[in-house]
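Sequence lines set the chain letters: A, B, ... in the order given, protein chains first and strands last, and positions in each chain run from 1. What's counted below: heavy atoms across the whole structure, side chains too, no hydrogens, waters or symmetry copies.
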2 protein chains.
Amino acid sequence: MKIEDAAARLEALGNPTRLRIYRALVRAGEEGMPVGRLQDRLDIAASTLSHHLKALVAVGLVTQTRDGTTLICRTNYTLMRGLLEYMAEECCAEGKGCAPFKLPKVA
Amino acid sequence: MKIEDAAARLEALGNPTRLRIYRALVRAGEEGMPVGRLQDRLDIAASTLSHHLKALVAVGLVTQTRDGTTLICRTNYTLMRGLLEYMAEECCAEGKGCAPFKLPKVA
DNA sequence: CCTTTATTTCTATAATTCTAGAAATACGGC
DNA sequence: GCCGTATTTCTAGAATTATAGAAATAAAGG
């Protein structure tokens with residue numbers, strides 16, 4: 001992962017509203033959650049929510065699939081894991097006094 | 001960790017310049033790196049660098065200790081680890097189809 | 001085709017951020 | 001106290017972001 005991509009993804013997550021959105025989607029699991037339900041749950045104006053979702057989708061952290069008139073949002077687990085792995089590596093590169101750590105393999 | 005704190009820390013890291021600064025400091029290891037050396041290495045205007053360092057210090061990701069006229073910067077490994085753990089947990093809460101993962105314990 | 005529901009785009013405003021030059025401050029040595 | 005080096009604060013301008021109301025678009029059903 002390029003440092004610019006990592007920064008862009010961290011920036012996308014680095015807003016309280018977007019992090020709440022992301023967390024809600026993580027908790028929704030594989031089935032995901034429609035935009036409208038997110039709006040009800042988080043009590044955000046529709047246009048604001050759409051704006052933030054766009055940011056999350058732009059960096060790949062969230063994907064959307066349409067089911068009739070509703071748009072279902074899901075987190076991209078693989079990409080998130082890649083981001084955490086990147087951070088874990090960057091966080092302890094060169095092993096100078098930092099305990100090395102890695103994310104465990106997916107079962 | 002509160003979600004606002006996590007967001008603030010992610011935001012601090014979510015800027016290419018600041019992520020470069022942070023990475024350089026991680027690589028400097030325990031001994032840290034003076035502001036001036038960071039400036040030379042990363043080729044950033046002094047005032048700009050100071051501005052970004054302030055942001056990293058404000059959220060606790062970087063600490064500074066003075067040694068004469070030079071300010072030595074170090075990353076706060078524990079806090080970074082806490083952030084990654086938070087993200088790892090939030091990333092797979094409720095285990096709905098996501099492989100659970102944790103950061104391994106520090107040796 | 002018209003209606004309803006779902007969501008986005010448009011528009012505007014207020015606020016924040018990034019950048020860097022210039023001036024100011026901090027520290028240690030003489 | 002003055003000087004040199006290191007760093008921050010002040011200032012300002014350009015750019016970006018967050019918010020949300022209003023209008024527009026998308027899809028499905030009748």
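At the phosphate of C:dC18, OP1 or OP2 sits under 4.0 Å from a side-chain N or O atom of B:R18. For D:dT17, the OP1/OP2 oxygens have no side-chain nitrogen or oxygen of A:N15 closer than 4.0 Å. For the OP1/OP2 pair of C:dT8 and a distance below 4.0 Å, the side-chain nitrogens and oxygens of A:S50 include at least one atom meeting the criterion. One finds a side-chain N or O of B:T17 lying less than 4.0 angstrom from the OP1 or OP2 phosphate oxygen of C:dT19. Within the structure, a side-chain polar atom (N or O) of B:H52 is placed less than 4.0 Å from OP1 or OP2 of C:dT19. One finds no side-chain N or O of B:T69 lying less than 4.0 angstrom from the OP1 or OP2 phosphate oxygen of D:dG4.
Between B:M80 and B:T75, the closest side-chain pair of non-hydrogen atoms is not below 4.5 Å.
Each of B:L71, B:I72, B:L56 was evaluated against B:Q64; a single residue qualifies, B:L71, per the side chain to side chain contact (heavy atoms under 4.5 Å, CB included) test. Partner of B:C73 under the side chain to side chain contact (heavy atoms under 4.5 Å, CB included) criterion, chosen from B:V62, B:T63, B:T65: B:V62.
In this structure, CG of A:L53 is placed 13 Å from P of D:dT19, rounded to the nearest angstrom. We find that CD1 of B:I21 is positioned 9 Å from P of C:dT19, with the value rounded to whole Å. Between the CZ atom of A:R37 and the P atom of C:dA6 there is a distance of 12 Å, rounded to whole Å. We find that NZ of B:K54 is positioned 13 Å from C1' of C:dT17, with the value rounded to whole Å. Atom-to-atom, CE of B:M33 to C1' of D:dT7 comes out at 17 Å; the value is rounded to the nearest Å. Atoms CD1 (B:I72) and P (D:dT5) sit 19 Å apart, rounded to a whole Å. Between the CD atom of A:Q39 and the P atom of C:dT5 there is a distance of 14 Å, given to the nearest Å. Whole-Å rounding puts the B:D67 CG to C:dA26 P distance at 18 Å.
Of all nucleotides listed (D:dA20, C:dT19, D:dT9), D:dA20 comes nearest to the side chain of A:S47. Counting only heavy atoms from C-beta on, B:E11 has its side chain closest to C:dT17 among C:dT8, D:dA6, C:dT17. The side chain of B:L71 approaches D:dT8 more closely than any other nucleotide in the set C:dT9, D:dT8, C:dT7.
When heavy atoms are screened at a 4.0 angstrom cut-off, A:A45 is found touching the sugar-phosphate backbone but no base atom. If you check every strand for non-hydrogen atoms under 4.0 Å, B:T48 touches a base.
Using a 4.0 Å cut-off between charged side-chain N and carboxylate O, A:R74 and A:E31 make no salt bridge.
A:D40 CG: more than 12 foreign heavy atoms inside a 6.0 Å radius.
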